[in-house]
Amino acid sequence: MKLLNAEQIRQWDAFTIKNEPLSSLELMERAANACARWIVQNTLAESYYIFCGKGNNGGDGLAIARLLYNANKKVAVYILESDAKGSDDYISNFNILHHLSAIPIFMIRGERDLPELPFNCIIIDALFGTGLNRPLTGLAAKMVDHINNSIAPAIAIDIPSGLFGDHSSAHNTIVKARHTLSFQVLKTAFLVAENEPWIGHVHIMDINLHPAFPDEVSTPFSIINKSLASREYRPRNAFAHKGNFGHALLIAGSWGKAGAAVLCSRACLRTGAGLVTAHVPQSGVTVLQTAVPEAMVFPDKEAEQVSGLNYDLNHFTAVGIGPGIGTGVKQQLLLKELLEHIQRPLVLDADALNILSENKALLNLLKPDTILTPHPKEFARLFGEAADDFKRIELAQTKAMELSIFIVLKGHHSFVACPDGTGYFNITGNAGMAKGGSGDALTGMVTSLLAQGYLPKEAALLGVFLHGLAGDLAAASGGMEALLASDLIDHIGNAFKQL
Ligand SMILES: NC(=O)C1=CN([C@@H]2O[C@H](COP(=O)(O)OP(=O)(O)OC[C@H]3O[C@@H](n4cnc5c(N)ncnc54)[C@H](OP(=O)(O)O)[C@@H]3O)[C@@H](O)[C@H]2O)[C@H](O)CC1
Ligand SMILES: [K+]
């Protein structure tokens, strides 16, 4: 699904109004209805304090006030006064409310007009939406501080006021919302970790914008959702045999880190690879053969570390390297040799990435379409610190294009940067997966898909989605705190079943 920017979402409104027998005021009513319904169904409060600006976001707020009043809620409206006359739909809703005369309306002209906010009220934030074009200052910022200083929860309409939809809002004054009720589609701002303090739980209200619009616009970003993942997935052929599903090689583990090789190999098998061989130090052989009897093992000549490649890489259909191998001289040489000779799809993770960071010249050896799976720290070591999450995403795109590789930037919403300049945000996954071993599982899963013949882009997108979904299913059954990478791996099968 395409991820539209705030301007495109605004154009989508206009497109809907133009192509349907619907006025912009009716569209606002639809949006307000969806929000009011959600608020009535999900909250119970003594009273609702509705803060409105004079644009369409404020218009939404005024319509919500009326609808909540009609649902027998106690409401009061506070309008941020400014020199602006207000948008047409704001004015229409103001007039309706004014004539109704049942709802108190207060104009906020200075700090002294700010109301005291009782603990048992709910604040509705309809000050600014996608029309925000500069950080909040003056009375608007004071109003937001006032909202944030209250212990009463705030529900933001469309987007917390003060937050930009498509670029960093670091250092802005922003409403700290408990819930954000946004329209039709996710905004990029909801997908980056730096905005977590403001957005709360995001709920998308379907307001039936015209379905043809997304096809008319181009966007660099998309969302990896179930329908995209299901399109990538290739169900198995009834007459298949293990030779049809490739042979994955995983180079992983060292003394004290045999678990990385176990998790990676098990995830690789659970994702469907026909055969899996793990190249591990000798000390890892018994561990691996006991924990994952389905995998074959290639013992290194050294006891405690992997130290060289003395086999034919062409024997395998895909290779994954990195989890728990260490960054010593021998692993550096091994990685260099691998990069020089490999003719197969390749995944680089963990210590393989750390080796690249310390030997940047090795980046030039990466074959086109190699997949790198860094977490933000590994990414920073590889490509430098970014000023904010949006800049990091930009940098990932630049590097993916420059090096002609895929970069899977891991996080709550992992981001896959593709060599053609496009990028995909994943929407599966949860905080329970923020634990050692989750990354090893992803390496095994993506390598597995490559081994089975999925193209690198397909393997990265499907792998990331299934990994998050397996984590979500594991969390649903055992909770986030207790979630182990092994639990995630045990749920890979159920994740496939949902495609
Ligand atoms: N499908 C939908 O998404 C729908 C969205 N709706 C709602 O409409 C808003 C967008 O409304 P809009 O009127 O375009 O913009 P805002 O209400 O966000 O802002 C109004 C004006 O505020 C001024 N502005 C911008 N930044 C600041 C600032 N930092 N301080 C003070 N004022 C600011 C700006 O005017 P200027 O002339 O001053 O630049 C804005 O124009 C959307 O978010 C939804 O809530 C529809 O109701 C239905 C469908
Ligand atoms: K808002």
Side-chain angles (χ1 to χ4, degrees), residues 224-226 229-230 232-236 240 242 245-250 252-253 257-278 280 284 286-297 318 320 322-324 347 349-350 373 375 408 410-412 414 426-452 454 459-499:
I224 314 173
N225 57 10
K226 196 186 277 188
S230 300
E232 302 296 0
Y233 171 54
R234 288 183 231 139
R236 295 190 161 212
K242 70 177 182 240
F245 302 109
H247 188 168
L249 170 69
L250 297 165
K257 289 190 178 151
V262 168
L263 294 169
C264 186
S265 306
R266 193 182 287 148
C268 190
L269 282 156
R270 285 268 191 235
T271 308
L275 294 165
V276 173
T277 292
V280 294
T286 313
V287 180
L288 207 101
Q289 301 243 270
T290 313
V292 198
E294 298 85 353
M296 294 175 283
V297 179
V347 180
D349 182 38
T373 58
H375 56 56
V408 178
K410 293 184 286 198
H412 176 43
S414 293
N426 184 40
I427 52 162
T428 55
N430 63 81
M433 294 162 69
K435 206 174 267 181
S438 295
D440 305 336
L442 179 68
T443 305
M445 294 176 77
V446 177
T447 309
S448 181
L449 294 169
L450 289 173
Q452 293 169 69
Y454 283 89
L461 301 184
L462 184 56
V464 161
F465 181 84
L466 284 171
H467 179 252
L469 183 55
D472 289 343
L473 296 170
S477 93
M480 289 195 206
E481 282 73 12
L483 199 154
L484 301 182
S486 313
D487 301 327
L488 180 165
I489 294 165
D490 288 345
H491 282 83
I492 293 173
N494 289 327
F496 269 106
K497 277 162 67 178
Q498 296 213 353
L499 295 179

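Below, all heavy atoms of this structure are taken into account, side chains as well, without hydrogens, waters or symmetry copies.
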Between CZ on residue Arg266 and CG on residue Leu288, distance to nearest 0.5 Å: 9.0 Å
Check: Asp490 and Arg270 side chains under 4.5 Å, non-hydrogen atoms: yes
Rounded distance [0.5 Å steps], CG in Asp487 versus CG in Leu484: 4.5 Å
Contact summary for Ala460 and Val408, nearest pair of heavy atoms: CB-CG2, 4.2 Å
Contact check, side chains of His467 and Ser438, non-hydrogen atoms, under 4.5 Å: yes
Approximate separation, where rounding is to 0.5 Å, of Leu469 CG and Lys226 NZ: 7.0 Å
Validation row: Leu263, Ser486 side chains within 4.5 angstrom (heavy atoms): yes
Side chains of Thr271 and Phe496 in contact at under 4.5 Å (non-hydrogen atoms): yes
Neighbour count above 12 (heavy atom, 6.0 Å) for Lys257 NZ: no
Which atom of Ala248 lies closest to which atom of Cys268, heavy atoms considered: CB-SG, 3.6 Å
For the student: nearest non-hydrogen atoms of Ile427 and Ile224, plus distance: CG1-O, 3.3 Å
Spatial distance of atom CD (Gln498) from atom OH (Tyr233) [nearest 0.5 Å]: 12.5 Å
Side chain to side chain donor-acceptor pair (under 3.5 Å) against Thr443, all qualifying residues, sequence neighbours excluded: Asp349
Value rounded to 0.5 Å, distance of CZ in Arg234 from CG in Leu462: 9.5 Å
ring-ring contact (aromatic ring centres under 6.0 Å, His included) against His247, all qualifying residues, sequence neighbours excluded: His315, Phe316
Main-chain N/O of Ala485 paired to Lys435 side chain as donor or acceptor, under 3.5 Å: no
Test: Arg236 cationic atom under 6.0 Å from Phe245 six-membered ring centre, within 45° of axis: yes
Smallest separation among heavy atoms of Gly468 and Thr428, with atom names: CA-OG1, 3.3 Å
Close side-chain approach of Asn430 and Leu483, heavy atoms under 4.5 Å: yes
Side chain proximity check, Val287 to Val280, heavy atoms < 4.5 angstrom: no
Side-chain heavy atoms of Leu466 within contact of Leu499, under 4.5 Å: yes
Closest approach of Val297 to Thr277 (non-hydrogen atoms, all atoms of both residues): C-CG2, 4.4 Å
Taking every non-hydrogen atom, the tightest pair across Ala261 and Ser265: O-OG, 2.6 Å
Trace of the side-chain contact (heavy atoms from CB on, under 4.5 Å) decision for Lys242 with Leu275: CA-CA 7 Å; Lys242 70 177 182 240; Leu275 294 165; 4.0 Å; yes
Residue of the set Leu442, Val276, Leu250 for which side chain to side chain contact (heavy atoms under 4.5 Å, CB included) holds with Thr447: Leu250
Beyond-backbone contact of Leu449 with Gln452, side-chain heavy atoms, under 4.5 angstrom: yes
